[in-house]
Amino acid sequence: MTDSKHGLTITEVRLTPILVADPPLLNTQGVHQPYTPRLIIELITEGGATGLGETYGDTKYLDLARPLAAALIGRSVTDLNGLPALAAEVCGDSPAATGADAVDVGGLRGVQTADKLRLSVLSGFEVACLDAWGRATGLPVHALLGGKVRDRVEYSAYLFYRWAEHPGGRGERDDWGAALDPAGVVAQARRFADTYGFTSFKLKGGVFEPAQEVAAVKALAAAFPGQPLRLDPNGAWTVATSLTVADQLRGVLEYLEDPASGTDRMAEVAAATPLPLATNMCVTTFDEIAGAFTRGAVQVVLCDHHYWGGLRNTRELAAVCRTFGVGLSMHSNTHLGISLAAMTQVAATVPHLDHACDSHYPWQTEDVLTERLTFRDGGLDVGDAPGLGVELDHERLATLHRRWLADDGSHRDRDDAAAMRLADPHWTAPTVPRW
Ligand SMILES: O=C([O-])C(=O)C[C@H](O)[C@@H](O)C(=O)[O-]
Ligand SMILES: [Mg+2]
């Protein structure tokens, strides 16, 4: 559908893959690489409005983004309901979706289906369309989604066990230092609280023996009494271990995130503990909802608008969660300010967003915006500027793109286990459950 009358027809789409500095954050798969891929999308309309979008930048996403970008020329930015069919038609099934058991990034992003890969790409275009549409009409994205129900969106501090620097001193060095024990985790949390005002804390677990991680959470509870805490070992534990930890941290945690992997194990854990379970692993597609919700396997879904297919699908997910009495919050992977602005816009429109959203953003020292988004008192204000309310810094984008061009391919696809092998040549991503 074109829209010449309003100047909303897309005349140009620019795709810019970039590599962004990432600190040595540890998880159950390994460690983050020094640079991580993202894809930045710019849409231009007939009327001269530009729209920005951002999504995962690994090769399998870029391969789908290129045909979709070409197919969008001549269509209206308002034609959002047509995007899934268009993507299915022009992108087809990614060869990376290799069967029912395929997972993304060793399982950290849940299942990997052809549909989900297309949705992850499409989400960046949907956000860019909404941004362009908003800029063309002077309306913020939240208005195009039906209007905001809150003026601020709360975020949590995303704590990671981490090294001071990447193996061999590769990449960029920051001044956070190492955090490998309870004292290190508390110090990191203190800095997050002092700098950004966060009052909720999530610790990425699955790195050390569960008892060590329980000790770290207890140290957090002592340092920040009464403040919401979460622990997320990315499905690394058995059902028995999950229940032991749930018992030890009952009354301490706000929720336990993906203690065990898969809906079956999560349902077993949920049936035996009063502690709410959250997930961004066993429910990452609409197809997985019925099986998990009807069995009571999860009490909170952490939505990632990238893999759920955009901001409007996030609202659809919110409606399903509300229907089942399941809570909703937001998951985050390494992302930049365009995605953070998109998360904030949609979060502002969802009435029952029950918990502070996750965001990796504070770990990202580089961005493609002229002005970084700034957390204040643990949250972001929801502005009324047109579109997403952010501006692209073309020079920064070009610099990060040059890094992508210069890369020998070793950072173009996220691989935390490969990064770990530089420190420990015998490392293989552990089989799950690990403990
Ligand atoms: O909440 C989560 O499970 C995540 O954020 C997944 C991410 O991939 C995180 O584990 C990471 O980046 O190491
Ligand atoms: Mg998680």
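Order of listing sets the numbers, starting from 1, for every ligand and every atom in it. Atom set for the values below is all heavy atoms of this structure, side chains included, hydrogens, waters and symmetry mates excluded.
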Practice task
Any chance you could measure Y161, atom OH, to Q212, atom CD, to the nearest 0.5 Å?
Solution key: 6.5 Å
Exercise for the section: Assign the ring pair Y155 / F375 to parallel, tilted or perpendicular, where the plane angle (0 to 90°) is split at 30° and 60°. Expected result: perpendicular
Exercise for the section: Could you tell me whether K202 and ligand 1 have an N or O pair separated by under 3.5 Å? Expected result: yes
Handout entry: 4.0 Å heavy-atom contact, E257 with ligand 1
Key = yes
Problem - Close aromatic pair by centroid cut-off 6.0 Å: W363 and F192 - result: yes
Practice task
Looking only at N, O or S atoms, find the one in E257 nearest to the Mg ion (ligand 2) and name it.
Solution key: OE2
Exercise for the section: For residues F160 and H360, establish whether the separation of their ring centroids is below 6.0 Å. Expected result: yes
Completion exercise
To the Mg ion (ligand 2), the closest N, O or S atom belonging to D232 is OD2
Handout entry: Test of proximity, T334 against ligand 1: N or O pairs below 3.5 Å
Key = no
Practice task
Say whether D358, considering both its backbone and side-chain N or O atoms, lies within less than 3.5 Å of an N or O atom on ligand 1.
Solution key: no
Problem - R414 and ligand 1 - part of the residue with a heavy-atom distance under 4.0 Å - result: side chain
Completion exercise
Taken to the nearest 0.5 Å, the spacing of W308 CH2 from N280 CG works out to 11.0 Å
